[in-house]
Every structure is written in structure tokens, then in C-alpha cells.
Amino acid sequence: MKLYNSMSRTKEEFNALNGNKVGMYACGITAYDLCHIGHARSCVVFDVLLRYLRFKSYELTFVRNFTDIDDKIIKRAKEVGMKPSELAEKFISEFYVDMDKLNILRADIEPKCTEHIPEMIELVNQLIAKNHAYATPSGDVYYRVRSFSEYGKLSGRNIEELQSGARIEPGDEKEDPLDFALWKAAKPDEPQWDSPWGKGRPGWHLECSAMSGKYLDQPFDIHGGGQDLTFPHHENEIAQTEAATGKPMARFWVHNGFVQINAEKMSKSLGNFFTIRDILEKFHPEVLRYFLLTMHYRSPLNFSFEAMEEAEKGVRRIYATLAQIKLELERSKWSNMELPDEMITEYQGYRAQWALSMEDDLNTAAALGHIFGAMRLAGRIAEDKQLKKSQGAKNLWALLLEDMTRWAQVLGVFEREPSEFLQELRSSRAMRKDIDVDKVEALLTARQEARKAKDFDKADAVRAELSTLGVEVKDTPNGADWDVG
RNA sequence: GGCGGCAUCGCCAAGUGGUAAGGCAGAGGCCUGCAAAGCCUUUAUCCCCAGUUCGAAUCUGGGUGCCGCCUCCA
């Protein structure tokens, strides 16, 4: 497959160096608050990458860390009167709640920063020994950025450009404004660990170098994260790891694009901030996951509730078609008729295009387009009175369901039993629109009785009433059904 | 100021040299007691200008507009 490598700024052919073993590391969350849509996107993107690599039979080891100690955690813990470790634990468990709903698979290894202090200290020791780092009298340790000649290679910056923007805070003991902290001397009332430089705690960038180094062979295959982590976080990881080991850190650097609100960056300061929970109050989690896959992972993605409603319709349509096909397949007798060759060819086209799309830098948006194509074809066959009873239709539908299982497994959507999912989706929509389900059922029964008596005026009146409630009635061969309009 | 990205139908969105996927919305039709759902048909020459090429949404140069990073951030 082709994968865009931020380091080379091109799509490159991805292959594993070590047989079919692949090591992947993604920067996880800092556990100080609930996850927002941006986290959801990043996690979905790397979840699909992980699923796809496994689908392609790579033997993948995926590491995703938790930052469970840093400035933000300490600050928030003070605000709410918790210990930083308690706060981090709380938000790590909240993370799992959200991610499970979004059908994000667990990483193989989910290391926590505070459980890897010795590894980090060891890494700092190596850097000091190689003159890439220095301790200050107060017990801070800084990375000597100018000692690493390749600094800036990932983010495409050079030292001089960075120099102009860098500042020294009062009281800093840095040799150079560009230097960044590897180890921070302890402050009173803050979590601290013993180290050769006195009590203190690790800097943020250090943990990813230490933990990826511990769990993955270097260079490992894929390092992922949000676009904003490119600089300085990933740049600093590279500086740390490569200066210490003398080996490249990772072969592919993969960055997902940002979620935006009204074409602007989502941030707390702008007040345009949505947590995953905010969304799931109104929408089924699978709708969110689907929505996140309708755009290429490197593009900025504009979030809105209107866009979510559209996504919801898309998901519903796929499942509705699947449900219809499953129903059709219950037929016991099939004619000997085969499908026209053009239909077979068309179907094979969607199938092939799906694979090509995924091969091309994980183009889930295009892949979904081809799934729609396949669904439309399936529906077209079901519309044809002759074809729908044919052996040919049966074979194609069975093949489609089989393919769909694979597609769903990779994308992490459309995995559910269609009828069950449609029920859940309807409940979710009914809740969002404040629809009283019991009342709807009662009206529906009344309408059915009227219809049985051929009292269509009354039946239509009831339907009109349902319509004002926001409910649309569907008459099917198996009775009346309803959905949120 | 430096670095980078983006601009495709009413909206969302694929498409990196060979003649514009798909979704949502709209229109007409089939189906239906009437509807809904579904299916069929239908709606673009790709921000502007110049250039390269037999051929460009796709490459080059210039312009305009928007966004991101450079400070914690998925």
C-alpha cells in the first residue's frame, strides 16, 4: 500500500522491513479531561490503519501511550482537589468508555508515563553522556538542540528560523533558547521521582522516546499522531531517540488532519469545543465514526451537527440496504436465471476499487463511495421482479455480504446486525427529536386498525398527526414500520 | 515575519496528465389505497490569469481567498 510519509512529504510504498512484522506507535492522550472530537478522529484514523494492516496479514504491534503526568494534569488536579494520579486514572477510564463506543480496538501495549520513569532516566543519562543534554544547577535537564544536526528535518524548519521565534523565560537556565526540557526539577506539592539530578519529573517529549524504544525495535515502521504534534513533539522525539541510539526512530511518520468548527480550529479558547460525549448525546456512535471516515485522514474535517445528520442518513441507507438483502436471502426457492454480465462486472469493479482506494494512502472516503455503489447495485437487483428471485441474485448478494464483512471489519462500521442497528439508530434519533415512542406506537396501532377497515381518511389523519410529531410511517409487506423523518 | 496546506455541482467530498466517484439536498419516473423507503433518470469542466503538453481539476509561474504550525494541543 501507499502511505504518506510526513518525513519525505510524499506517498511512499509501505512494506515491512522485518518479514511481515510491523511496529506502530501513536501518541495517546494526556489524561486531564474528557476526549473531544479531535481525539476521536485521531484514534479512528489509527484504528483503521491498524485494522487495515492486520487485514493485509501484517503482524502488528501497536503501542499507544497515556501521558499521566504533566503540567495540565497537575493544574487540573489542583483545581478539582484531586491527586494528579487520581485525576489521570479517572480520565484514562473515561477514555476507554468513549473509545469502546467508537469501536476503537485496544492497543497491544498501552504504557503509562509514570510507569516508565527508570527508562526515561536511563535515556537522559545516555543523552548527557553523549553531550546532547545537560543538567542545570537547579536540577533541570535540557536537550542541547544545536548538538543534533538534523533537528528540524521532520517539520521542515531550520535552527535559524526557530531561533527567531524562541524565547527565554526569566529564570531559565538554558544554554540556548531552543533547548527543551527533558527533566524538570521538582516543585513543592507536585509529583516527583528521584533521579541523578535530584527529585523531579519527566518532560513531555521524553516519554514517547523512552516507551517506543522499550516496546518496539528501532527503527519501527509507523509513528502516528495529530498534525499539530509534528512540531515540536515529534521533532523532539526524533532528536532524543536518534541522538541516543544513533539509529533512525521510525520509517513512516503519519499525521492526521485537524477537526475544525466552522472552518476554524477547535479549541477551548475559541469556545467551539465538543467532547465525544457532547456528540454521543445526540448521535449514535457509529454515525460519528462513519462521519470521521467520510473525509481523507489528512484533510481538515469540518464538524457540524448538520453534517452529522447527513452522515446519519448515509449510515442508515447502507444498513437499510443490508437489512433488505438479508430479508431477500431468506427466500427458499430461486430460479436458474443468472445476472447479466454487466452487473457482475460492475460489482467486481466496486470490489476492486474499494481495495485500490484503501491501498492509496488509506482513502476511506473513496472506499465508502464504492460501498455505496455496491449497495445501489444490490438494491437495483432487488427491484427487479425476475432477477430478485434468481440464483444469480442470490450469489451476488451472498458475495456482497461476505465482502461487506471484510470491509466492515477494516472500517469499523457496518459490523452490526442491520435490524438491530436500525432500531438503535431510530431510538437515538427519536431521543434527539424528543419523540415519545410509546405514543407513536399507540398511534401506529390505531392507524393499522383504520387501514384494516379501509378507512383511509382516518388512517391518513393519524399519519398526519404522526408526521407533526416528526415521525414518518412506512408500510411494508410485514406491517407498518416507522422512522424519524 | 518564517514554514506548510487548501480552493472540485446548492452543501459535503473522492479524484496528481487522458477527458469529472460517491453522499446529502432538488426535479421527473417506477412502486404504493395515498405515502415513506428503495430503485431508475437527471443537475459541474474543477477560484482567476498565463504557460508546458497531442491532451491538465491534476504540472509550472503569477494573482486572489481561506486555514494550520512556529507556545500546551489529536
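The chains referred to below are lettered A, B, ... by the order of the sequence lines, with proteins before strands, and numbering in each begins at 1. Hydrogens, waters and symmetry mates are skipped; everything else that's a heavy atom, side chains included, is used. Being a predicted model, the structure only gives us computed values, none of them experimental.
- Checking G33(B), G4(B), G38(B) against every side-chain atom of D460(A), the shortest atom distance belongs to G33(B).
- Rounded to whole angstrom, the span from the CG atom of N302(A) across to the P atom of A74(B) amounts to 19 Å.
- For the ring pair (Phe, Tyr, Trp, His ring centres under 6.0 Å) test with H284(A), the passing option among Y290(A), Y319(A), F421(A), F291(A) is F421(A); the others fail.
- Using a 4.0 Å heavy-atom cutoff across all strands shown, R298(A) reaches no nucleic acid atom at all.
- A 3.5 Å limit on both hydrogen-bonding distances identifies no Watson-Crick or G-U partner for U58(B).
- Separation of the C1' atoms belonging to C11(B) and A25(B) is 7 Å when rounded to the nearest angstrom.
- In this structure, the CG atom of L229(A) is 6 Å from the P atom of A74(B), given to the nearest Å.
- Judged by distance alone with a 3.5 Å cut-off, no donor-acceptor contact links the side chain of R376(A) to the base of G22(B).
- Counting only N and O atoms by type, the side chains of D403(A) and Y350(A) include no donor and acceptor under 3.5 Å apart.
- Separating the C1' atom of U32(B) from that of U43(B) is a span of 27 Å, rounded to the nearest Å.
- T476(A) and D481(A) form no side-chain donor-acceptor contact under 3.5 Å, judged by distance and modelled atom types alone.
- If Q260(A) and M266(A) are placed on RNA chain B by their nearest nucleotide, the residue sitting closer to the 5' end is Q260(A).
- Distance from the side chain of D228(A) is smallest to C69(B) among A14(B), C69(B), C40(B).
- Taken to the nearest 0.5 Å, the NE2 atom of H296(A) stands 7.5 Å off from the OG1 atom of T364(A).
- Remark: the separation of the P atoms in G55(B) and U19(B) is 16 Å, to the nearest Å.
- Each of R317(A), R429(A), R426(A) was scored for a salt bridge (Lys or Arg N to Asp or Glu O under 4.0 Å) with D483(A), with one residue passing: R429(A).
- G257(A) comes within 4.0 angstrom of a nucleotide base, judged by non-hydrogen atoms across all strands.
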Fill in: Residues N103(A), E415(A); criterion side-chain hydrogen bond (donor to acceptor under 3.5 Å, both in side chains); working and verdict
CA-CA 10 Å; N103(A) 204 9; E415(A) 289 188 290; 2.7 Å; yes

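- Base pairing of C3(B): its partner is G68(B), meeting the Watson-Crick or G-U wobble criterion (both donor-acceptor distances under 3.5 Å).
- Remark: C39(B) base-pairs with G29(B); criterion is Watson-Crick or G-U wobble with both hydrogen-bond distances under 3.5 Å.
- When the P atom of A74(B) is taken as reference, atom CZ of F91(A) falls 14 Å away, rounded to whole Å.
- Of the P atoms belonging to C46(B) and A7(B), the separation is 14 Å, rounded to the nearest Å.
- Remark: P of C70(B) and CD of Q227(A) are 12 Å apart, rounded to the nearest angstrom.
- Contacts of F258(A) with the nucleic acid, taken as non-hydrogen atoms under 4.0 Å apart, include base atoms.
- Checking D98(A), D47(A), D100(A) one by one against R289(A), the salt bridge (Lys or Arg N to Asp or Glu O under 4.0 Å) holds for a single residue, D47(A).
- Here the side chain of K313(A) is nearest to one of C39(B), C24(B), U16(B), namely C24(B).
- Rounded to an integer number of Å, the gap from CG of D360(A) to C1' of G22(B) is 16 Å.
- With rounding to the nearest 0.5 Å, the separation of CH2 in W253(A) from NE2 in H223(A) is 4.5 Å.
- For the P atoms, the distance from C66(B) to G23(B) is 33 Å, rounded to whole Å.
- Pair assignment for C11(B): G23(B), on the basis of Watson-Crick or G-U wobble contacts that are both within less than 3.5 Å.
- To the nearest whole angstrom, the two C1' atoms, one in G61(B) and one in C54(B), are 23 Å apart.
- The aromatic ring of F372(A) does not sit over the base of G22(B); the criterion of centres under 5.5 Å apart with planes under 30° is not met.
- Closest-nucleotide positions on RNA chain B for G314(A) and H296(A) were compared, and the one nearer the 5' end corresponds to H296(A).
- Among C34(B), G23(B), C70(B), the nucleotide with an atom closest to any side-chain atom of R157(A) is C70(B).
- Across all strands, V45(A) comes closer than 4.0 Å to no nucleic acid atom at all (heavy-atom distances).
- One can find a donor-acceptor pair under 3.5 Å joining the base of G38(B) and the side-chain atoms of E383(A).
- In this entry the distance linking NE2 of H234(A) with P of A74(B) reads 10 Å, nearest Å.
- For W482(A), no side-chain nitrogen or oxygen approaches OP1 or OP2 of A37(B) to under 4.0 Å.
- If you check every strand for non-hydrogen atoms under 4.0 Å, G379(A) touches sugar and phosphate atoms only.
- For N363(A) and G15(B), the shortest distance from a side-chain N or O to OP1 or OP2 is below 4.0 Å.
- Side-chain atoms of K474(A) lie closest to A36(B) of the nucleotides C24(B), A36(B), A74(B).
- G38(A) comes within 4.0 angstrom of a nucleotide base, judged by non-hydrogen atoms across all strands.
- Note on S357(A): nothing from the nucleic acid sits closer than 4.0 angstrom, heavy atoms only.
- Residue contacts for A365(A): at a heavy-atom cut-off of 4.0 Å it reaches a base atom on one of the strands shown.
- The separation of A27(B) from A21(B), taken at their C1' atoms, amounts to 22 Å, rounded to a whole angstrom.
- Between R416(A) and E424(A) a salt bridge is recorded (basic side-chain N to carboxylate O distance below 4.0 Å).
- L362(A) places its CG atom 14 Å from the C1' atom of A14(B), with the value rounded to the nearest Å.
- Nearest nucleotide to the side chain of K72(A), out of A21(B), C72(B), C11(B): C72(B).
- If you check distances only, the side chain of D475(A) does reach the base of C34(B) with a donor-acceptor pair under 3.5 Å.
- When each of K187(A), K184(A), K78(A), R76(A) is checked for a salt bridge (Lys or Arg N to Asp or Glu O under 4.0 Å) with D71(A), only K184(A) meets the rule.
- Side-chain N/O atoms of K265(A) and base N/O atoms of C73(B) include a donor-acceptor pair closer than 3.5 Å.
- Pairing of U16(B), defined by two Watson-Crick or G-U wobble distances under 3.5 Å, is not identified with any nucleotide.
- Contact check, S467(A) against A35(B): no side-chain N or O comes under 4.0 Å of OP1 or OP2.
- Computed from coordinates, the E160(A) CD to C3(B) P distance equals 13 Å when rounded to whole Å.
- Across all strands, R447(A) comes closer than 4.0 Å to base atoms (heavy-atom distances).
- With G68(B), C69(B), A13(B) as the candidates, the nucleotide lying closest to the side chain of M295(A) is A13(B).
- At least one side-chain nitrogen or oxygen of R317(A) sits closer than 4.0 Å to the OP1 or OP2 atom of G23(B).
- No donor-acceptor contact under 3.5 Å links the side chain of Q324(A) to the base of G38(B).
- A gap of 31 Å separates the C1' atoms of G26(B) and C67(B), to the nearest Å.
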